[in-house]
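Encoded as structure tokens, the structure appears first; notes follow it.
Each chain gets a letter, A, B and so on, in the order its sequence line appears, and its residues count up from 1.
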Amino acid sequence: MKTQTLLGTVRVAWRNLWRNGRRSLVTIAAMTLALLAMVIYASLMRGLLGDMERKLLEVEVGDVQIHAPGYLDEPTLYDDLGESERLVGDLADLGFPATARFLGGGLAAAGDASAGVQIVGLDPEADRVASGLAGELAEGEWLSASEPSGVVIGSRLARTFGVEVGSELVILGQSVDGGIANDLYVVAGVLGSFSEAVDRSGVFVVEEAFRSFFGYEGGAHRIIVRRAPGGSTEDALAAALGLAPDEDVQSWRQLQPTAASMLDAAVAGLQVMMTIVYVAIAILILNAMLMAVFERIKELGLLKALGMSPRHVLSLILLEAGLQTGIAIVAGLTLAAPALWYLSEHGLQMAGLSGLTLMGMSFDSRWYSQVDAFSIGAPVSMLVIIVSLAVLYPGLKAARLRPIDAMRHQ
Amino acid sequence: MNKNSVSWACCVVFLVSSIVTAPPLAGETTDPEVVALLERVDDLFRGDSSEGRMTMRVKTKRWEREMVMNVWSQGTERSLVRIESPPKEKGVATLRVENSIWNYLPKVDRTIKIPASMMGASWMGSHLTNDDLVQSSRYTDDYSCELGEDVPASDDDGPRWLITCAPDEDAPVIWGQVEIEISKSDTLPRTTRFFDDDGELVRTMSYLDVKSLGSRRLPTRVLMVPADEPNEFTEMIYDDLKLDVELSERLFTLQSLKR
């Protein structure tokens with residue numbers, strides 16, 4: 001089709017749109033609203049899921065974890081990774097950020113309150129490479145090798161103990177030789193809320209403090225491995241398996257199957273939701289375009305009798321739908337923009353969700369939307385696809401009209 | 001909390017609290033002979049108060065250690081344990097009043113109350129749990145017992161009675177069944193076996209070294225072996241035990257815990 005004819009067709013299509021302006025406006029409005037709702041919904045879900053995944057992977061689990069075989073079934077101080085330092089170095093050489101964690105159990109107390117805790121020893125500087133933990137502080141400072149008596153604790157633990165930065169904390173445990181380990185620490189920082197396990201029982205100390213508390217001389221119990229920048233969890237898993245074939249190497253999906261399936265289910269839920277809304281829109285479009293075709297059946301027959309090709313008729317109908325969709329996309333995104341801006345900047349106040357944990361993951365008190373290629377692109381492209389499918393039937397019907405029958409149509 | 005330490009959950013009924021815990025006979029044990037036997041066993045450790053010294057030896061697959069501790073108790077609800085050696089742990093003390101336990105740590109000069117969630121954890125590194133310290137379940141109150149077939153004499157001991165006890169419906173005990181072997185010669189217990197609800201043996205307790213201690217003849221060494229770790233044990237040897245001594249109420253307070 002020549003440009004001239006295309007422009008002509010567009011002009012005709014545009015004019016046709018306004019022959020029943022009310023119907024076109026209703027259709028456009030429905031599409032606009034659906035798109036608006038879906039863009040905002042998708043952005044909010046992306047925000048929620050992205051936040052969860054980030055907390056889970058960046059802060060807590062990493063992409064891959066390495067433990068000694070059997071450690072996860074029955075964690076003890078004695079099942080360590082031996083030469084963990086070398087393993088961390090080898091992973092780093094391959095481009096996978098990794099950090100070693102020393103893990104032990106104990107009882108922490110402040111004032112009259114006490115609770116069972118997991119004591120995690122780490123190198124405060126090296127840990128930043130592979131973990132976002134240091135960035136999750138709600139109050140106070142991150143650990144420092146020069147302050148071995150400083151501890152960083154989980155948010156719920158801090159609330160249970162009623163402690164704040166600068167408060168003292170007693171930790172009681174059992175040293176490697178079976179003796180009674182106990183020491184006095186000072187709360188250097190309190191973490192924000194991100195996972196039930198850490199919130200309730202996480203006590204982070206520098207590696208030196210861990211070693212002196214437990215009288216421990218072995219290797220780390222856990223190595224957290226991150227994907228290489230731009231790489232995937234699978235690459236990190238393969239690299240870790242290659243370097244530590246005799247250890248227990250697992251991806252975050254294996255370690256946190258409920259969280260992984262919950263994230264998957266939420267994405268699937270988003271898609272189902274989008275499909276349902278758009279199927280409704282598709283039925284609306286189908287109806288509107290069928291009406292538009294039947295209303296003009298004599299006219300279309302006449303156009304065909306005058307020599308308009310079936311393809312031309314089809315493109316006319318497609319263009320009519322396309323113009324409505326185009327207007328709806330522009331209108332929908334224009335309307336969504338301020339809402340998305342507000343939700344990304346200020347978020348929704350979810351006081352009721354604060355501190356709530358689901359499947360071991362904590363929720364923030366504010367729910368921010370995340371605007372990205374997916375949250376905009378998916379609703380828009382799904383709208384286009386579904387409109388094209390819906391309009392195909394009336395379009396083809398119009399294209400296949402036999403002029404003689406159409407003109408006789410009552 | 002590991003399975004091991006849970007499996008020991010009750011020992012101290014017989015070690016710390018049983019010294020003073022002798023409930024009136026009740027339950028559904030009807031056989032007067034059995035009642036009399038159990039009564040004698042219970043009366044053996046009976047006293048309104050006690051003061052003693054014991055050595056606790058703990059062996060696990062990782063380490064072995066020995067602690068000497070002084071033990072006081074009053075009534076059924078109060079006890080105090082203070083470690084004398086090794087020097088590193090001297091002064092570490094545990095106070096139990098009813099269902100609460102506090103540990104005093106001289107190194108940091110702080111007292112920690114054990115939270116409910118940690119009651120199943122090991123006490124001082126032994127196979128005992130904190131729960132064991134506060135357990136107040138009693139054979140005679142919480143079990144229905146009956147006499148089984150006698151255990152014939154062996155090379156080193158005479159014949160024994162075998163008493164099988166099943167916990168009453170609402171009894172606060174974790175066992176499915178307990179078997180007690182009592183020597184016919186001195187009516188002292190020799191062995192107690194603890195089974196879980198599935199009938200699996202969980203641990204065996206042996207009462208050894210019968211000697212005169214204070215005014216009574218007592219088994220002065222109690223050995224506990226977990227069924228799933230037969231090479232591990234916790235052993236408590238009574239070096240000294242005085243019953244019905246005058247003790248100040250103030251002994252069982254947080255102030256006195258620090259001493």
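- Smallest separation of non-hydrogen atoms from B:L241 and B:S50: CD1-CB, 4.2 Å.
- Residues of residues 171-186 of chain A lying under 4.5 angstrom from chain B, judged on non-hydrogen atoms, are A:L172, A:Q174, A:S175, A:V176, A:D177, A:G178, A:G179, A:I180, A:N182, A:D183, A:L184 in numerical order.
- Contacts with chain B (heavy atom to heavy atom, under 4.5 Å) involve no residue of residues 204-215 of chain A.
- Rounding to the nearest 0.5 Å gives a distance of 11.0 Å between CE of B:M56 and CD1 of B:I237.
- The two atoms that bring A:A244 and A:I66 nearest to each other are CB-CG2, 4.3 Å, heavy atoms only.
- Taking chain A as the reference chain and counting heavy-atom pairs below 4.5 Å, the highest number among B:E89, B:K113, B:M67 is found for B:E89.
- We find that B:R78 and B:E98 are not joined by a salt bridge, their nearest charged nitrogen and carboxylate oxygen being 4.0 Å or further apart.
- Note that the NE2 atom of A:H67 and the CG atom of A:D79 stand 11.0 Å from one another [nearest 0.5 Å].
- Atom CG of B:L254 is separated from atom CH2 of B:W102 by 5.5 Å, given to the nearest 0.5 angstrom.
- Residues A:G104 and A:L77 share a closest heavy-atom pair of CA-CD2, 4.4 Å.
- The pair B:R193-B:E181 meets the salt-bridge criterion, since a charged nitrogen lies less than 4.0 angstrom from a carboxylate oxygen.
- Of the two parts of B:D109, neither the backbone nor the side chain holds a non-hydrogen atom closer than 4.5 Å to a non-hydrogen atom of chain A.
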For B:E229 and B:K61, run side-chain contact (heavy atoms from CB on, under 4.5 Å): C-alpha distance rounded to whole Å, both residues' side-chain angles, the deciding distance at 0.1 Å, then the answer.
-> CA-CA 9 Å; B:E229 294 285 355; B:K61 54 190 168 194; 3.3 Å; yes
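- For the set A:A108, A:G116, A:A113, the entry with the most heavy-atom pairs within less than 4.5 Å of chain B is A:G116.
- Under 4.0 Å is where a charged nitrogen must lie from a carboxylate oxygen, and between B:R221 and B:D209 at least one such pair does.
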Using the side-chain contact (heavy atoms from CB on, under 4.5 Å) rule, take A:D127 and A:R101 through it: C-alpha gap first, then chi angles, then the decisive distance, then the call.
-> CA-CA 9 Å; A:D127 197 70; A:R101 298 277 174 86; 3.0 Å; yes
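- Using a 4.0 Å cut-off between charged nitrogen and carboxylate oxygen, A:E168 and B:R110 count as a salt-bridge pair.
- For B:I114, the parts sitting under 4.5 Å from any heavy atom of chain A are the backbone and the side chain alike.
- Contact count against chain A (heavy-atom pairs under 4.5 Å) is highest for B:I112 among B:T111, B:I83, B:N103, B:I112.
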